[in-house]
Chemist: 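Have a look at this one before I ask anything.
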Amino acid sequence: MTDTGTDSVVGTDPATETDPAIAIDPAAGTDADPAPRPLTVGAYAALAEDRLPPATWHYIQGGAGTESTVRANRAAYRRLRLRPRVLADVSRCDLSTTVLGDAVGAPLGIAPMAYHQLACDEGEVATVRAAGAPGLRIPTVVSIFASRTFEDLAAQATGPLWLQLYWLHRRDVLRTVVRRAEAAGFRALVLTVDTPRLGRRLRELRHGFHLPPGIVARNLDGEVTGFLHDRQDGSSALARHADAFIDPSLSWSDLDRLREQTRLPLLLKGVLTAEDAARAAGLGIDGIVVSNHGGRQLDGAVATLDALPEVVAAVDGRCPVFLDGGIRHGTDVLKALALGARAVFVGRPVLWGLAAGGEAGARGVLTLLRDELEDAMALAGRPSLAALGPELLARGPAAAPNESYEDPDLRKGP
Ligand SMILES: Cc1cc2nc3c(=O)[nH]c(=O)nc-3n(C[C@H](O)[C@H](O)[C@H](O)COP(=O)(O)O)c2cc1C
Ligand SMILES: O=C(O)C(=O)c1ccccc1
């Protein structure tokens, strides 16, 4: 299955015995360091898989159940093809835009993910520094389960920080984290609504996944961090933790109480239907993230790219619509923007970058996506984001995945 034609991009070069880590050094490719930089996001995944302990790799990579939604997220991009226009003067392509009123260098952001220290020692500090690199300055959605403090992140960030919340039983703890995020200058709250409990993630169960000592939910007090480090064969410590501390009774009537506590914009993450999107927009929600949690929650849930048009139509311009799930190429970003996303969020690839090379690796992944998007805009004859619309797209036939680098999650089964 592996296409050996791309292996040389990612692997150790036997002639020079180059450490793959050097391949993502910013100096890579120069005279001082002739090692090639990874050419694809998938190449970072291969580096990450080599470097991470198997249990950590499978925690990051896995989805719920048969992982059909993980695969569907990718397949949806392969079914859409692009209709390039020509003679469009693409001598300058402008990727800059605004999100929630903040200027950003590209229509990209980092999806909230727990415990970035699983991928590299600096954890989320490396992530926010990468997101703030010149030419990017993109938002980072910081998980309530971040492994570095909000204050440390705010001190290092030059792009906007948003805080992702789970609806904890302990509302007092929620109030405290919201207040701390406000004081640290965070720009928005993102309430995740697809996780009343954790999906059945078979890879976590098989590995008895638990947090290694030293990695903790740094922004929560010990009263709400139970189970995270407890190993139990055939069981996920994260699932037991979520069962104990995430309140599955969350419903529409709770949103007002959250909004009363803060002047920050409130977004909902995990909406997949027109019905829910219309209701959220009607309540004055400030943004919607179309997401199926990267296929980690309801196995069989619709692909996010397929859900996007009905959500955009239902919202009808009342708030911005964002998307995450399966973004691995600049052309994926272009397709989501053409269907009405204001910006897209990137999940696993950021952790692959961190694992491959810390801040430089994460910056490498984000810069690659940005550069690929610029290439795609130029070659599609769409030099500005404002001009993007559904006329850019044509339906199928679905192209087969290039499994050697596009979908590393497909190369090795659960
Ligand atoms: C390791 C990992 C941890 C995650 N943790 C969170 C989290 O704490 N909160 C949340 O709302 N979503 C979480 N997500 C879901 C992401 O925000 C996002 O929806 C998903 O990863 C996007 O898909 P992608 O990984 O294919 O880009 C997590 C995803 C991964 C892979
Ligand atoms: O792993 C996840 O996808 C996730 O969202 C999560 C939920 C609870 C605790 C840690 C991570």
Side-chain angles (χ1 to χ4, degrees), residues 41-42 45 48 52 55-64 67 69-74 76-77 108-119 124 127 140-147 162-168 189-201 203-204 209-211 215-217 219-220 224-228 236-246 267-272 289-297 301 303-305 322-329 332-333 336 344-355 365 369 406-409:
V41 167
L52 291 171
T56 303
W57 166 255
H58 287 295
Y59 163 63
I60 290 170
Q61 211 59 8
E67 302 188 343
T69 296
V70 179
R71 292 190 295 278
N73 278 350
R74 288 293 316 138
Y77 293 102
L108 295 169
I110 300 181
M113 290 174 289
Y115 311 115
H116 290 201
Q117 281 187 322
L118 287 168
E124 291 82 357
T127 311
T140 304
V141 190
V142 177
S143 171
I144 189 171
F145 296 127
S147 48
W162 301 357
L163 173 63
Q164 176 265 330
L165 300 173
Y166 283 118
W167 194 245
L168 303 180
L189 300 178
V190 178
L191 179 65
T192 298
V193 294
D194 61 11
T195 309
R197 62 174 70 183
L198 241 53
R200 269 182 73 78
R201 303 169 184 176
R203 304 197 205 196
E204 281 177 40
F209 185 69
H210 58 104
L211 288 185
I215 299 184
V216 299
N219 295 288
L220 298 179
V224 289
T225 58
F227 304 105
L228 288 170
S236 160
L238 292 190
R240 282 177 280 135
H241 171 259
D243 279 347
F245 297 107
I246 296 180
L267 289 77
L268 298 186
K269 171 175 181 278
V271 170
L272 289 170
V289 185
V290 174
S291 173
N292 52 34
H293 218 108
R296 299 161 74 82
Q297 287 299 106
T304 51
L305 193 71
F322 304 96
L323 167 143
D324 74 22
I327 297 282
R328 304 290 181 265
H329 305 278
D332 301 336
V333 184
V344 301
F345 291 92
V346 182
R348 294 179 184 87
V350 172
L351 298 181
W352 299 338
L354 289 177
V365 164
L369 286 171
E406 183 176 291
D407 284 310
D409 29 345

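Whatever order the structure lists ligands and atoms in, that order sets their numbers, starting from 1.
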Chemist: Any idea which atoms of ligand 2 are less than 4.0 Å away from a heavy-atom of Arg296?
Modeler: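 The atoms of ligand 2 under 4.0 Å from a heavy atom of Arg296 are 1 (O), 2 (C), 3 (O).
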
Chemist: At a 4.0 Å threshold, what atoms of ligand 2 neighbour a non-hydrogen atom of Tyr166?
Modeler: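 Close to Tyr166: 4 (C), 5 (O), 6 (C), 7 (C).
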
Chemist: Nearest heavy atom to atom 31 (C) of ligand 1: which of Lys269, Gln61, Arg296 does it belong to?
Modeler: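 Shortest heavy-atom distance from atom 31 (C) of ligand 1: Arg296.
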
Chemist: Has Ser236 got a side-chain atom pairing as donor or acceptor with Glu204's backbone, closer than 3.5 angstrom?
Modeler: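 Looks like no, no N/O pair under 3.5 Å.
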
Chemist: Should you measure from each heavy atom of His293, which atoms of ligand 2 turn up under 4.0 Å away?
Modeler: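 Atoms satisfying the 4.0 Å criterion: 2 (C), 3 (O), 4 (C), 5 (O).
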
Chemist: State whether the side chain of Thr69 and the backbone N or O of Ala301 hold a donor-acceptor pair below 3.5 Å, judged by distance alone.
Modeler: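 It does hold such a pair.
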
Chemist: What are the atoms of ligand 1, with element, lying closer than 4.0 Å to any heavy atom of Ser143?
Modeler: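 Checking each atom against Ser143, I get 7 (C), 8 (O).
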
Chemist: Under 4.0 Å from any heavy atom of Arg348, which atoms of ligand 1 are there?
Modeler: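 Those atoms are 24 (P), 25 (O), 26 (O), 27 (O), 31 (C).
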
Chemist: Could you check whether Asp324 and Ser291, counting side-chain N and O atoms only, form a donor-acceptor pair closer than 3.5 Å?
Modeler: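 There is such a pair (donor and acceptor under 3.5 Å, judged by atom type) between the side chains of Ser291 and Asp324.
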
Chemist: I'd like to check which ligand 2 atoms, numbered from 1 as shown, lie under 4.0 Å from a non-hydrogen atom of Phe145.
Modeler: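 Going through ligand 2 atom by atom, the ones under 4.0 Å from Phe145 are 8 (C), 9 (C), 10 (C).
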
Chemist: Work out whether the distance between some heavy atom of Asp324 and some atom of ligand 1 is less than 4.0 Å.
Modeler: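 Yes, Asp324 has heavy atoms under 4.0 Å from ligand 1.
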
Chemist: Under 4.0 Å from ligand 1, counting heavy atoms only, is it the side chain of Leu351, its backbone, both or neither?
Modeler: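 Leu351 to ligand 1: side-chain contact only, backbone stays beyond 4.0 Å.
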
Chemist: Does ligand 1 have a heavy atom under 4.0 Å from the side chain of Ser291, from its backbone, from both, or from neither?
Modeler: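 Near ligand 1, Ser291 shows its side chain, while the N, CA, C and O stay back.
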
Chemist: Do Gln297 and Arg200 pair up side chain to side chain, a donor and an acceptor below 3.5 Å, judged on atom types alone?
Modeler: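 Note: Gln297 and Arg200 side chains miss the donor-acceptor criterion.
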
Chemist: Heavy-atom contact check, 4.0 Å cutoff: does Tyr59 meet ligand 1?
Modeler: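 Yes; Tyr59 lies near enough to ligand 1 that a heavy-atom distance drops under 4.0 Å.
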
Chemist: Closer than 4.0 Å to some heavy atom of Ala114 - which atoms of ligand 2 meet that?
Modeler: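 Going through ligand 2 atom by atom, the ones under 4.0 Å from Ala114 are 10 (C), 11 (C).
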
Chemist: Below 4.0 Å from any atom of ligand 1, is there a heavy atom belonging to Arg328?
Modeler: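 Within the 4.0 Å threshold, so yes.
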
Chemist: Taking non-hydrogen atoms only, is Gln164 closer than 4.0 angstrom to ligand 1 via side chain, backbone, both or neither?
Modeler: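 For Gln164, the contact with ligand 1 is made by the side chain alone.
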
Chemist: Do any N or O atoms from the side chain of His241 and from the backbone of Val224 form a donor-acceptor pair under 3.5 angstrom?
Modeler: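 Yes, the answer is positive, given that a donor and an acceptor are paired below the 3.5 Å cut-off.
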
Chemist: CG/Leu228 to CZ/Phe245 distance, rounded to the nearest 0.5 angstrom?
Modeler: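 Spacing of CG (Leu228) from CZ (Phe245) equals 8.0 Å.
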
Chemist: Could a heavy atom of Leu198 be found less than 4.0 Å from some atom of ligand 2?
Modeler: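 Yes, Leu198 has heavy atoms under 4.0 Å from ligand 2.
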
Chemist: Please confirm whether Tyr166 approaches ligand 1 to less than 4.0 Å, judged on its heavy atoms.
Modeler: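 Checking ligand 1 against Tyr166, which is what was asked, there is a heavy-atom contact under 4.0 Å.
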
Chemist: Consider ligand 1: state whether an atom of it lies below 4.0 angstrom from any non-hydrogen atom of Val70.
Modeler: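 Heavy atoms of Val70 never come under 4.0 Å of ligand 1.
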
Chemist: Any N/O of Tyr59 closer than 3.5 Å to an N/O of ligand 2?
Modeler: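 Yes - when backbone and side-chain N and O of Tyr59 are compared with those of ligand 2, one distance drops under 3.5 Å.
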
Chemist: Any non-hydrogen atom of Arg201 lying under 4.0 Å from ligand 2?
Modeler: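 Yes, Arg201 has a heavy atom closer than 4.0 Å to ligand 2.
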
Chemist: For ligand 2, is there an N or O atom under 3.5 Å from any N or O atom of Glu204?
Modeler: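 No, no N or O pair falls under 3.5 Å.
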
Chemist: Does ligand 1 have a heavy atom under 4.0 Å from the side chain of Ala114, from its backbone, from both, or from neither?
Modeler: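 Near ligand 1, Ala114 shows its backbone as well as its side chain.
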
Chemist: Closer than 3.5 angstrom, by distance alone: can the side chain of Arg296 be matched with the main-chain N or O of Arg201 as a donor-acceptor pair?
Modeler: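 No; judged by distance alone, with no hydrogens or angles, the pair does not exist.
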
Chemist: Under the ring pair (Phe, Tyr, Trp, His ring centres under 6.0 Å) rule, what do Phe145 and Tyr166 come out as? Steps first, then yes or no, please.
Modeler: CA-CA 9 Å; Phe145 296 127; Tyr166 283 118; 5.6 Å; yes

